[in-house]
K.L.:
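Before anything else, here's the structure in question.
Source: prediction; values computed, not measured. Each chain gets a letter, A, B and so on, in the order the sequences are listed, and its residues count up from 1.
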Amino acid sequence: MQDSHQRIYAAIAAIPRGRVASYGAIAVRAGLPGRARLVGKLLGKTPADMPLPWHRVLRASGQIALPPGSRGFREQCRLLRAEGIEVHQGRVPLSRFGLDGNLDRQLWGML
DNA sequence: GCTTTGACGTATG
DNA sequence: TCATACGCCAAAG
């Protein structure tokens, strides 16, 4: 197991219940800025039976990354809603569920 | 070893 | 808000 993978898993596992984080944010927390794709790649290869809150990981836009209508897509929606997170048209309002809405600003040096 | 691919992100128009 | 372009890089072919 690569060290980077370990850190990515740890970063995902650290997302609080009822909150979501973007691939980019996960990459940063894993010490891999700019490697959002690596996070996605890893999740894609990760078996579904892995005890990881993968469903809390979305695109920076709040869009669910999986193909709409696919198995995983529906599963993700279900899991998110089960935590009280709103999902409309495959999207989550980051203004309310995106890690207190502070991580992104923290990352991009805004405000 | 070169090319393609991917659960992505930002900038620009 | 949508589209297009480019950056990123580990794996797979």
K.L.:
Round to a whole Å and report the spacing from CD1 of A:I12 to P of B:dA7.
P.N.:
14 Å

K.L.:
Hey, what do you get for OH (A:Y23) to NZ (A:K41), rounding to the nearest 0.5 Å?
P.N.:
14.0 Å

K.L.:
Roughly how many Å is it from CG in A:L38 to C1' in B:dG9, rounded to a whole number?
P.N.:
14 Å

K.L.:
For A:R91 and A:K41, find the nucleotide of DNA chain C closest to each by heavy atoms; which residue's nucleotide sits nearer the 5' end?
P.N.:
A:R91

K.L.:
Are A:R56 and A:E83 ion-paired here, with the side-chain N under 4.0 Å from a carboxylate O?
P.N.:
yes

K.L.:
Rounded to the Å, how far apart are A:R35 CZ and B:dA7 C1'?
P.N.:
18 Å

K.L.:
If you define the side chain from C-beta out and look only at heavy atoms, does anything of A:L32 sit under 4.5 Å from A:L38?
P.N.:
yes

K.L.:
Between atom CD in A:Q63 and atom P in C:dT1, what is the gap in whole Å?
P.N.:
10 Å

K.L.:
Atom CD1 of A:I8 and atom C1' of C:dC9: how far apart are they, to the nearest Å?
P.N.:
11 Å

K.L.:
How long is the line joining CG of A:L32 and P of B:dG9, in whole Å?
P.N.:
14 Å

K.L.:
Side-chain contact, heavy-atom cut-off 4.5 Å: A:L58 with A:S22?
P.N.:
no

K.L.:
Counting heavy atoms from C-beta on, name the nucleotide in B:dA7, C:dA11, C:dC8 closest to the side chain of A:L66.
P.N.:
B:dA7

K.L.:
Classify A:R37 by what it touches in the nucleic acid, base, sugar-phosphate, or nothing, heavy-atom distance under 4.0 Å.
P.N.:
base

K.L.:
Could you state the CG-P distance from A:L94 to B:dC8, rounded to the nearest angstrom?
P.N.:
14 Å

K.L.:
At under 4.0 Å between heavy atoms, what does A:L43 touch on the DNA or RNA strands: base, sugar-phosphate, or nothing?
P.N.:
base

K.L.:
Expressed in angstrom and rounded to an integer, what is the separation of A:R74 atom CZ from B:dA7 atom C1'?
P.N.:
16 Å

K.L.:
Give the nucleotide from the list B:dC8, C:dA10, C:dA11 with an atom nearest to the side chain of A:K45.
P.N.:
C:dA11

